[in-house]
Amino acid sequence: MDVNLPDVHAEVSAVFAIYEHALVSNDVSLLDALFWDSPHTVRYGVAENLVGIEAIRAFRAARSPVGLQRALKNTVITTFGRDFATAMTEFVRPTGSGRQSQTWVRTAAPGHGGWRVVAAHVSLLPPPVSTPS
């Protein structure tokens, strides 16, 4: 299997950047479009387990647009062949930090090269433990 073919890696990196911009700007319609339109799509979040695109869309529609800005670090995108990829990243917000993983698959869907998130997971990290000085 070919890992990280340059053209495929560039495609997934570009669609990942589009996703991130849509997330922090609360572009709900674009976020919805970037997820696989299927009852098999899964998104496990900080406080929710969403199975199926309808549950994911309902969550996005109800979510507050406040406090979505964040900085990413340690992002790792790995492609496998021409149609499958993972994207892992850590994020930092003023309110805390966390991590996110996504599984991307190239589909026949129009736009963005057909790349869609088929599974995602978001979790928060506990605040660092301070040690007495």
Side-chain angles (χ1 to χ4, degrees):
M1 175 174 300
D2 293 315
V3 175
N4 286 341
L5 291 166
D7 61 323
V8 179
H9 192 273
E11 288 177 15
V12 177
S13 296
V15 76
F16 178 81
I18 291 168
Y19 175 90
E20 182 62 20
H21 183 264
L23 181 70
V24 299
S25 63
N26 201 40
D27 186 339
V28 173
S29 62
L30 182 53
L31 290 168
D32 287 348
L34 289 171
F35 271 71
W36 184 34
D37 188 353
S38 170
H40 303 291
T41 305
V42 175
R43 181 189 177 279
Y44 291 155
V46 173
E48 64 283 339
N49 294 331
L50 307 171
V51 177
I53 192 62
E54 294 307 322
I56 295 166
R57 287 178 178 150
F59 166 78
R60 293 249 187 252
R63 185 182 64 167
S64 170
V66 177
L68 299 177
Q69 293 299 317
R70 62 190 195 166
L72 300 185
K73 65 180 187 174
N74 300 321
T75 301
V76 177
I77 295 173
T78 307
T79 65
F80 303 88
R82 303 202 69 77
D83 301 318
F84 184 83
T86 59
M88 310 295 174
T89 195
E90 298 171 45
F91 61 86
V92 178
R93 289 191 166 122
T95 57
S97 62
R99 56 196 163 201
Q100 160 188 310
S101 64
Q102 299 169 329
T103 303
W104 290 82
V105 172
R106 187 193 308 269
T107 70
H112 310 294
W115 288 102
R116 298 296 181 268
V117 175
V118 298
H121 183 266
V122 179
S123 58
L124 297 178
L125 295 172
V129 177
S130 59
T131 56
S133 23

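Because the structure is a prediction, the values reported are computed rather than measured. Residue numbers run from 1 in the order of the sequence given.
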Rounded to the nearest 0.5 angstrom, the CD1-OG1 distance for I77 and T86 is 8.5 Å
Kindly work out whether a path of hydrophobic side-chain contacts (I/L/V/M/F/W/Y, heavy atoms less than 4.5 Å apart) joins V118 to F84. yes
**Message:** I'd like to check D27 versus H21 (side-chain heavy atoms, cut-off strictly below 4.5 Å). Are they in contact?
**Reply:** no
Q) If we ignore angles and hydrogens, is there a donor and acceptor under 3.5 Å between the side chains of R63 and N26? A) yes
*asked:* Check this for me, if you would: do R82 and D2 make a salt bridge, where the nitrogen-to-carboxylate-oxygen distance has to be below 4.0 angstrom?
replied: no
Between G81 and V8, the two heavy atoms sitting closest are O-CG1, 3.8 Å
Rounded to the nearest 0.5 angstrom, the NE2-CG distance for H9 and N4 is 4.5 Å
### Single-linkage hydrophobic cluster, 4.5 Å side-chain cutoff, V66 and V92 together
no
Within-4.5 Å side-chain heavy-atom neighbours: L68 and L23: no
Mutual orientation of the aromatic rings belonging to F16 and Y19 [parallel < 30°, tilted 30-60°, perpendicular > 60°]: parallel
- Task: Measure the shortest side-chain to side-chain distance between Q100 and T75 over non-hydrogen atoms and say whether it is less than 4.5 angstrom.
- Result: no
Tightest non-hydrogen contact, residues W104 and A87, listed as NE1-CB, 4.0 Å
Side-chain donor-acceptor pairs of residues 41-51 under 3.5 Å, sequence neighbours excluded:
unit_1 : atom_1 : unit_2 : atom_2 : d
T41    : OG1    : W36    : O      : 2.7
T41    : OG1    : S38    : O      : 3.3
R43    : NH1    : E48    : OE2    : 2.6

**Request:** Check the hydrophobic clustering (I, L, V, M, F, W, Y; side-chain heavy atoms under 4.5 Å; chains of links allowed) and say if V28 and V24 are grouped together.
**Result:** no
So CG of D83 and CD of E11: to nearest 0.5 Å the spacing works out to 9.0 Å
Rounded to the nearest 0.5 Å, the CD atom of E90 sits from the CG atom of L72 at a distance of 10.0 Å
- Query: Counting only N and O atoms by type, is there a donor-acceptor contact under 3.5 Å from the side chain of T107 to the main-chain atoms of G114?
  - Reply: yes
Please determine whether residues M88 and V122 belong to a single hydrophobic cluster, defined as Ile, Leu, Val, Met, Phe, Trp and Tyr linked transitively by side-chain heavy-atom distances below 4.5 Å.
no
Distance col, row S29:OG vs R57:CZ, nearest 0.5 angstrom, shows 10.5 Å
Here the pair of heavy atoms bringing T79 nearest to L5 is OG1-N, 3.6 Å
Problem - Minimum side-chain heavy-atom gap R99-H121 below 4.5 Å - result: no
With sequence neighbours left out, the residues meeting side-chain hydrogen bond (donor to acceptor under 3.5 Å, both in side chains) with Q69 are none
| said: Same cluster or not: F91 versus F59, using hydrophobic residues (I, L, V, M, F, W, Y) connected whenever any side-chain heavy atoms lie under 4.5 Å apart? | reply: yes
Minimal heavy-atom distance between H112 and I18, with the atoms involved, is ND1-CD1, 3.7 Å
